[in-house]
Peer 1: 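There's a structure below that I have some questions on.
Note that ligands are numbered from 1 as they come in the structure, with each ligand's atoms numbered from 1 the same way. When a residue number appears, it is its place in the shown sequence, counting from 1. All values below come from the heavy atoms of this structure, side chains included, with hydrogens, waters and symmetry mates left out.
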Amino acid sequence: MTSPEEFLAAAEAHSAHNYHPLPVVVATAEGAWMTDVAGRRYLDMLAGYSALNFGHGNRRLLDAARAQLERVTLTSRAFHHDRFADFCAQLAELCGMELVLPMNTGAEAVETAIKTARKWGYRVKGVRDGRAKIVVADNNFHGRTTTIVSFSTDPEARDDFGPYTPGFAIVPYGDLAALEAVVDDDTVAVLLEPIQGEAGVLVPPPGYLAGVRALTRARNVLFIADEIQSGLGRTGRTFACEHEGVVPDMYVLGKALGGGVVPVSAVVSSREVLGVFRPGEHGSTFGGNPLACAVALEVIAILRTGELQQRAAELGDHLHRELAPLVERGAADAVRGRGLWAGVDVNPSRGDGRTVSERLLARGVLVKDTHGATIRIAPPLVISREDLDWGLERVREVLGV
Ligand SMILES: *Cc1c(COP(=O)(O)O)cnc(C)c1O
C-alpha cells in the first residue's frame, strides 16, 4: 500500500465504523506538523484533542520513553517499581493535592472518580447505602463507558446502549441556580468540565465555577473537575479552574498527561477522599506502569516551570484576537475559548463543520468538526507563532474572509 486511497479503502474494509476520520493517512509527525503517506505536510491544529499539547515527537518525552524502554516497562501493581513513588509525589505536588490514583484512559479516570465519590459518600459523608447521587451538566463529555454514557445528553453517545446506570442528575451547564436546586443530602459530587471541550469549547459564565465551589463546600459535596482536555496548559494555566481561582476536591487528568506517547490518566485528590480505597477495591493492570510514569514525570517537569502555560496564554490571546473578526464579517456565528483552544461556530453560508474541515485539509491544515457547525482549533502548545498565523490564514481563506 502506498497511495492514500489504498490505505483509506483498506481501513474501511476491516474496522468498525465508530469514527468518521478525515481522509488523510499520516505516516510521520514532528512538532506541530504531520506528513501523510504521499509526503504531503499538514499543520496539526487539533493536537489529538489536547493529548499532544507538547507536540509530536517531543525530544524530552521521547528520550524519557526510550530510556525507560531499556529498563523496565511493566510490572503490574503486584510489585513496586522505581518510578512510581516519584510520579505520584510530583503529580500530587503539581496539583496541590495529596494522593494520586493512576489509570490509563480518560474514561477509566472518570470511572475512578465516580467510584471514589460514591465510596467517600458512604464512608465519610454518611449517605445511606445505594443512594449516592452525582450531579453532572448537560452536553457533557466524560468518556464512552456504559456508566458514563448513562449521563450523556448526546443521543449519538447514549442511544441503544442502555440499560443505564442510575445515580446521576443532569442540570444545564453554567446555571448555578439549577445546580443548587438538585443538590440534596444524598449528593456526593458535582462532576464538571471547567470548559466543555466536545460540546464545542463552551466556557461557562464568569463566576460559575467559583459558585459551584462555594455551593459544594457549603453542602459537603465533592467538586470533581474533569480537566482531561482543559488541563495541563491548554488554557494558559496548568488547570482551567485556575482562571476562577478555584481548587476542586479532585482533578481528573488524562490526554496530555501521557505526552502523546502512551495513555496515562489519573485522579488526584486529598487524603480524606482518595484515602477511602483499600487493596482490591479498584485498579488496573497497566495503571501507573513504569513507562507511563517515566513519560508523565517528564510531562510534569515540562509543566513545572510554567513557561509552556505562559506561551499558551500569549499565543492564545493572539489566536482569539485573530478569530474575533470572523464573527464581525459574518463567517462565524460565535467564537469561544480560552488559551490555545477555540470553538468556531461556522455560519451556515460557509458550509458545515465537516465541509470546512475537509477544505482546510485540502489546504494543509488539520482540524475537526464537532456537533455539526463547530470546528475546534487546539494546536500543540509548542506551535510557532508563524505556523499559527499560517494556519489562521488558511482558516480565513476557506471561510471566505
Ligand atoms: C477525552 C475526554 C475524556 C475521555 O478520555 P478517553 O481517554 O478518550 O477515554 C473524558 N473527559 C474529557 C473532558 C475528555 O475530553
Side-chain angles (χ1 to χ4, degrees), residues 16 18-19 21 46-53 101-117 134 136-154 156-158 161 165 168 170 173-174 189-204 209 212 223-235 238-241 248 250-268 284 286-289 292 295-296 299 336-343 367-371 374 376-378 381:
N18 57 328
Y19 276 95
L46 182 67
Y49 302 97
S50 287
L52 286 153
N53 279 3
L101 199 165
M103 298 293 283
N104 311 284
T105 66
E108 285 177 314
V110 171
E111 289 277 349
T112 302
I114 292 167
K115 286 175 72 174
T116 307
I134 295 176
V136 299
D138 62 357
N139 299 316
N140 69 72
F141 182 82
H142 296 289
R144 311 287 200 175
T145 64
T146 42
T147 286
I148 294 171
V149 301
S150 295
F151 56 85
S152 172
T153 57
D154 178 357
E156 255 178 37
R158 187 183 145 93
F161 300 120
T165 307
F168 300 93
I170 304 170
Y173 188 64
V190 174
L191 167 64
L192 293 174
E193 300 156 85
I195 294 177
Q196 289 189 323
E198 297 303 306
V201 196
L202 301 187
V203 182
L209 298 176
V212 173
F223 181 5
I224 303 173
D226 179 348
E227 293 250 20
I228 290 170
Q229 195 166 155
S230 59
L232 308 186
R234 175 55 57 191
T235 66
T238 306
F239 303 108
C241 282
M250 189 190 298
Y251 289 111
V252 187
L253 303 175
K255 293 199 167 102
L257 189 57
V261 181
V262 282
V264 187
S265 69
V267 302
V268 189
S284 157
F286 289 93
N289 69 72
V295 172
V299 164
R336 297 169 300 268
R338 201 161 247 167
L340 263 180
W341 201 18
V367 299
K368 191 70 169 63
D369 53 300
T370 180
H371 294 282
T374 305
R376 192 169 6 177
I377 298 179
L381 309 182

Peer 1: So Lys255 and Tyr49, do their side chains get closer than 4.5 Å, heavy atoms only?
Peer 2: yes

Peer 1: Could you tell me which residues satisfy ring-ring contact (aromatic ring centres under 6.0 Å, His included) with Phe151, sequence neighbours excluded, listed by chain and number?
Peer 2: His142, Phe168

Peer 1: Would you say the side chain of Val367 lies within less than 4.5 Å of the side chain of Leu46, judging by non-hydrogen atoms?
Peer 2: no

Peer 1: For Ile148, which of Val110, Thr165, Val136 qualifies under side chain to side chain contact (heavy atoms under 4.5 Å, CB included)?
Peer 2: Val110

Peer 1: Using a 4.0 Å cut-off on heavy atoms, what residues surround ligand 1? Order them by chain and number.
Peer 2: Thr105, Gly106, Ala107, Phe141, His142, Gly143, Glu193, Asp226, Ile228, Gln229, Lys255

Peer 1: Measuring only between side-chain heavy atoms, which start at C-beta, is Phe223 closer than 4.5 Å to Leu191?
Peer 2: no

Peer 1: Regarding Arg376 and Gln229, do their side chains bring together a donor and an acceptor under 3.5 Å, going by distance alone?
Peer 2: yes

